[in-house]
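Working notes, beginning with the structure itself.
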Amino acid sequence: MSRATDFAGVCAAMLPPEAGGPDADELARRIHTYVSQLPRTTRMALTTGVRSIDMFARVTSGKRLADLDTAKRVRVLQRIATRGHTNEALEAIKAVVLLVAGGERAAAKFSHDIAKVPIPDDPLHNRVIRASDWPGCTSVDAVVIGSGAGGAMTARCLARSGMSVLILEEGAHHPTRDLHTMSPLERQSELYRECGISFAIGNPVVILPQGRSVGGTTVVNSGTCFRTPDHVIRTWHEECGLALAEPARFGTYLDEVERTLHVTPTQMRVIGGNGQIALRGAHALGWSASPLIRNAPECAGTGQCAWGCPLGVKLGVHLNALPQACEAGATIVSEARAHRLIREGDRIVGVRCRRRDGSWFDIDASIVVVAAGATETPALLRRSRIASHPHIGKHLAVHPAATVAGRFEEAIATGVLQSVGVDEFHEDHGILLEATKTPPGMGASVLPGFGASLVESLEGADTLANLGVMVADKSSGRVVGSTQPLVFYALDRIDMQNLVFGMEKAAQLLFAAGAREVILGLSHQPVVHSHAEAKAVLSGVARHDLHLAGFHPTGTVSAGHDAARHPVDEQGRLRGVSNVWIADASILPACTRVNPQLSIMAMGLAVGDSVTNVMR
Amino acid sequence: MTFHEVMEGSLRRLNETRTQRFTFSIDAAIPHTLQMVRETTATVRGSLWIQGAATAVPVEGTLEMSPLKKRRLRYRLSWQSDDGKQYRFDGWKTLRYLRLLSSWTTLPGAVYDADGRVWASAELKFSLRRQLPRLLASIRFGARHDALSEPRWRNQPGRTEVWYTTLTDPDSGTGVWLHHELIAPDTGKPYVHGWISVFPPDSVPVTRRFGPYACSANPLQSLAEHGMTVSPQRMSGDLGDVSWDLRCAGNRSQPLFPMSRTVWRRSLLPASQIVPQPSARFSGPIGYPAKKLSLQDASGASARVYGHGNAQRWIWLHADLGNDDVLEIIGAVARQHSLRWLPMLVFIQLRRHGKVWPRFPLLAAWRFHARIRGDTWTVRGRMGGQQLQVQVTLPTTQTVELEYVDPDGAHALCRNSERATAHIVVQHARRQTTTIEWQLDGTAHAEIGRHPT
Ligand SMILES: Cc1cc2nc3c(=O)[nH]c(=O)nc-3n(C[C@H](O)[C@H](O)[C@H](O)COP(=O)(O)OP(=O)(O)OC[C@H]3O[C@@H](n4cnc5c(N)ncnc54)[C@H](O)[C@@H]3O)c2cc1C
């Protein structure tokens, strides 16, 4: 078990109160509260990490970290940071400290921003039933596991066809009213799986945040809406033999999704300082860039997408497809984890689920749609012993992203979190640069240094403009394990080259827009002062120097014509059992090359139609 | 096998915190006891209570048992609550062999409203201390009346199937015969038809026929489409000047199989008869020209016939001997030419104090002899140290004469009275001393029938 005091030393070393950092004991207490909500393994790893740092301090200087003076504390950390892999552990701890410290700062600011805005009614009011209130056994026509992008669309389709539909969601339901009053940190713990610090093991480690609440990841995503590029649809259809992706039909599904989400271009009014800088830099270089198209027509630009929109204006599926499914008769049961599918011969006859208090309940169903997301779906299939296909869990693409931040003279005005896209290098290199103002500690953005310089960076976080560099990757990851999925990701050599190239281009853009310095987020040389320097530094970069995040995991239970290669058939049905369909990011047979939510939702609709066709 | 079960617990409406007491008490009938171990569905019937919503309302449903294959006992019940709305309970016990007792005594489930939406979540318990002794005491082997009233016919041509009920009103002495019949001719469309005969003590009997109506897959349903209910609980119909609406209650006695259970189940004889409700009590109104009776616990019986057609010659008696004792006699000569020369086979089932004699009616059939003289017939014979003598007379003025048609198109004629007299004597076979004797004057139900050739 961890104690609050475990963290006090590290807090005092990273953000010394003497240098203007927050009160170390208070911060340690908050970190402790946050960490205690993490899954056991992560929690233990973190606690072991901070205790080892303390131990290191004692061995090298005879005193506990907290008892050393400011300069010595920082020096201990710096010494650890110079040692290859221990640095990675330290970076992870730093991310948590920054997340909590940054979250606190953000909370104060946000509550000011949104205080006077009226809160819309919850369209799911009285429609979501907690598992603790749900009967021990029920029977329905169809169960949809997961209420995210894919699941919501399929559920709506099935409910509208007249079936009785039950949507199971492991996370809780948080109406806008709740998000309005909860602190960012609370929201992060509530809306993300493993409090948002789940990761893929590899070199480098890739942070892999995934939503977990009614609405799935669409509650916390940035709301960027790209239609699946035509050539990607063609690849799926022609090379993978995926009948669901027949281009004309898939196009109508994308249209339907865009209508449901009220997709519109971001208005300049709310684009914010970060977006303007991206446009400015791209313009100066003559690169193709434009405001992103999003599902938030009334966006007020509070920049809090990643913590769930506190105004209810980013239209995740919990605000459209799910209420529409409920209107057509579907029921959502929240806080219910599908544990395994119950099998009889070649059919699944129901789902065994677990409530948060550890009790069980059963659902009988003649159709099961699994839409638990790209990492949970393969694990669920394994728990259900229907994962004999050798490719289940393999071919994970994560669309890896690095963050490059530029420091500007002026404070960056708040605006849309992900506002502008630069697609100059998309066609040739599969690189998208997206202006994304993620809060410190979140995702791949890590501020450099320790001690006074870190305090300063944190204080000056307002003057940072970020560019996310996202690279279309080979499917080089895999998900193993059944109880808790374990993700491995080996960054492909070409993907790595593209990524580094993209980072260099991002630095170039930021300098072109007038950045004073650029934070590349590399461990060995975090800050550069010119494009030439950036280019030089990046040419020698090693894998473990990179800080990566993957926001778009896909492809772990891919669909396609070839029965030997694809665990799911061309209609979305899992091979080997007769009545299980997969309808989430896992069935995409290859990287979407753009942010994938529209593609996943369109696929959800396609699978829904495929199910109703079979049933007819 | 039949048994009685009480489950008690509570339910909670969705999105409400208040719980309400929820109880049901049901009789379950398993058609084939041995199949219970594998997989079978029992019919259940009983009453249900929901605090503030349903007070002792009747429930009907099924109990699906699959203790090994699915490891489940699934209860599905439907009822109408006090608010007049239809509800449904669906839940199952999931048997876990490591926690057999607790899994067998806990029944979680959901209550659905008429639209099929989950209305409440329920959890019921079976109290081992209070309810187990009662459940064990209630177990009866032998099929229950309901399962036995299900149609046997599966669209085969050349079959007939009959549901009939006879009863006597204890107040007025009036007899009633209600006959529902399916004929699936060898060639041609199947149909259902029937009649009701009322035998007032002081005047000539009244008979009204109904049908023929085209018959779909289920004869009872086809009758229902013409307003005739035929079920173990209720029989009703309205033919204008004759109408009836009878409810059958409190039938606790076991069915009788005069030709043995096996013959019925496997259709070993050209036709066979069973009496699912040998001593039933009927209540409700019966109207016939210018009269209206309101029956209160009229005693009678409901029986079934299934087979290829009528015998060449036959006799029949149903005698209610009081105290749930009954005597059922069927005598028949087969119609096949090769068998017509055989003596009449007489099948007897006498139930006294809950015990049935003879134990093996098929073996005993050869040991009883029947003689028919005009409207009187006698049966005598001995079996297992007991001797039986029966004399039955159909009173001329209180007998109806009706024609039966067989599936092959042949016609048979019967004389039937629900006001027959019967004299029944049971003797000790060796000592020739009378053990017991009954005289029924006008309350015996009897018939004599024959094909003209
Ligand atoms: C921070 C962030 C920002 C993003 N921004 C964008 C963006 O701007 N544009 C874009 O296109 N995409 C974006 N994405 C990605 C996009 O949101 C996801 O790819 C998409 O939502 C995935 O859809 P899904 O249906 O596969 O899974 P999800 O939406 O993740 O839904 C899966 C659901 O299943 C539930 N679940 C899992 N296991 C179980 C179980 N056993 N029982 C019951 N329920 C279970 C989960 O709790 C979850 O709610 C972003 C992602 C992140 C993390």
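Sequence lines set the chain letters: A, B, ... in the order given, protein chains first and strands last, and positions in each chain run from 1.
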Part of T138(A) within contact of chain B (heavy atom distance under 4.5 Å): both
Do E376(A) and R193(A) meet the salt-bridge criterion of a basic N to acidic O distance under 4.0 Å? yes
Does a side-chain heavy-atom distance below 4.5 Å link W49(B) with S25(B)? yes
Is it the side chain or the backbone of R352(A) that comes within 4.5 Å of chain B heavy atoms, both, or neither? side chain
Any side-chain to backbone donor/acceptor pair from H226(B) onto S222(B)? Under 3.5 Å, distance only. yes
Which atoms of T94(B) are under 4.5 Å from chain A, going by heavy atoms: the side chain, the backbone, both sets, or neither? side chain
Test item: E8(B) side-chain N/O and F126(B) main-chain N/O as donor-acceptor pair under 3.5 Å: no
Closer than 3.5 angstrom, by distance alone: can the side chain of R383(A) be matched with the main-chain N or O of A338(A) as a donor-acceptor pair? yes
Ranked by heavy-atom pairs below 4.5 Å to chain B, first place among P135(A), G329(A), S164(A) goes to P135(A)
So, the side chain of S366(A) versus the backbone of D141(A): is there a donor-acceptor pair under 3.5 Å, distance only? yes
Please rank T17(B), V118(B), D90(B) by heavy-atom pairs under 4.5 Å with chain A and give me the top one. V118(B)
State whether the side chain of T19(B) and the backbone N or O of S10(B) hold a donor-acceptor pair below 3.5 Å, judged by distance alone. no
Ion pair check, E256(A) and R156(A), cut-off under 4.0 Å: yes
Of all the residues in residues 70-85 of chain B, which have a heavy atom that comes within less than 4.5 Å of a heavy atom in chain A? K70(B), R72(B), R74(B)
